[in-house]
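Here's the structure we're looking at; comments come further down.
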Amino acid sequence: MRDVCSYGYFLLAPNVWDPDRKTMTRPLNLENGVATLTIAQPDIKKGSPIKAVADRALTRSEQQDAKRQLIRMLRLDDTSPADFHRTDPRWKKSGKARLSRSPTVFEDIIKTVTSCNVTWPSTVNMNKRLCEVVCPAFPTPKQMARKRPATLRARCSVGYRDQRMVDLAKMAVRGELDLDHLEDPTVSDDDIYETLLALPGIGPYAGANIMSLLGRYSRLAIDTETIRHGKVVLGYKGSDLAIRKKLEKHYAPFGEHKFRSYWFEVWDFYESKQGPAHTWAPRAVVNAFTASNLK
DNA sequence: GGTAGACCTGGACGC
DNA sequence: GCGTCCAGGTCTACC
């Protein structure tokens, strides 16, 4: 379950992490409505099975769909950790390689939009309100496409992102935003990045961040947090532009895995401040992860 | 291609 | 309690 707590989105609604029980509770959109699953790993030994219990009976097809969504969330189908550890052996002993993510690409895209140009507490609030106002298992493209931008702004505190979110949802519903294309492993990184940058609300940072959640780690998602990491942890000095260049050079040797090498350095820093991520109580850390609080 | 300013929210701070 | 300032990426207009 350590890998559940490997990326900040595990702290965002509708995910609920219980640090005492070491369980993740997560509502999912399924064929016959929302079902809430509690995910746990009863035996903490490496490689032991993960168990999920639903709060209602699931049909066979719902069970299969829930399993598919959980596999995506926990990256249980990721076959690249060994290659990552060969490229960056620093993480081999701990086994760190997987970044948790959302059950759907659409949710990862919207969550990334809610993380842009705001401090972390606002991101937490936007996701909480989207689940309260639109759908408890996180809005689907259809549900969000039906909302008026003004409703999202007034009731979910998404600000100027309102129109962009509704536009993204409408594009997904109409097929102009092809979510399957984004998950197609035969498509090149450059193609995916170009596709993402053409979307409303997605710039260089958001595009690279979404790519990492798609399992494509060849680009750094550089934001103020990355600059802070360069200054505080790597000891770089100079202008932000100079630090960006040093960061790109620093992570270049990790090639296809550079985002993961960067991310686990950042995550180590967070854990040095707050303790292991699986011990974090969501309410207690809500104000902790903002660059200005980590200087 | 590079840059300035607008876009919003919520927290911090001063009064 | 109110007003002001600031942090945070994307987008557009302009040079």
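The figures that follow rest on heavy atoms only: side chains count, while hydrogens, waters and symmetry mates do not. Below, chains carry the letters A, B, ... as their sequence lines are ordered, and counting in each starts from 1.
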Whole-Å distance, A:Ile109 CD1 to C:dG9 C1', equals 17 Å
Tell me what A:Leu199 touches on the nucleic acid: a base, only sugar-phosphate, or nothing, going by heavy atoms under 4.0 Å.
sugar-phosphate
Axis-to-axis angle across the helix from B:dG1-C:dC15 to B:dC15-C:dG1, five pairs each end, nearest 10 degrees, ~ 30°
Residues A:Pro27 and A:Val34: closest non-hydrogen pair is CB-CG1, 3.7 Å
* Can a side chain N or O of A:Thr224 be found less than 4.0 Å away from OP1 or OP2 on C:dG9? -> yes
Side chains of A:Ser80 and A:Asp78 only: does a donor on one sit below 3.5 Å from an acceptor on the other?
yes
Discussion item. So A:Asp268 and A:Lys96, do their side chains get closer than 4.5 Å, heavy atoms only?
Written reply: yes
Subject >> Whether A:Tyr270 and A:Trp263 hold their rings parallel, tilted or perpendicular, with breakpoints at 30° and 60° >> reply: perpendicular
Taken to the nearest whole Å, CD/A:Glu225 to P/C:dG8 is 8 Å
note: A:Ile210, atom CD1; C:dT10, atom C1'; distance rounded to Å ~ 12 Å
When the aromatic ring centroids of A:His250 and A:Tyr262 are compared, is their separation below 6.0 Å? no
In B/S/- notation (B base, S sugar-phosphate only, - none; protein heavy atoms under 4.0 Å), nucleotides 6-13 of chain B written 5' to 3' is -BSSS---
Would you say that A:Met211 contacts A:Ile192 through its side chain, given a criterion of any heavy-atom pair below 4.5 Å between the two side chains?
yes
Dump the intermediate steps for side chain to side chain contact (heavy atoms under 4.5 Å, CB included) on A:Arg72 and A:Val105, then the final yes or no.
CA-CA 9 Å; A:Arg72 185 181 197 281; A:Val105 190; 3.6 Å; yes
Just so I know, are the side chains of A:Thr140 and A:Glu107 near enough to count as touching, which here means a heavy-atom distance under 4.5 Å? no
note: A:Arg228, atom CZ; C:dA7, atom P; distance rounded to Å ~ 16 Å
From CD1 of A:Ile110 across to P of C:dT10 the rounded distance in Å is 14 Å
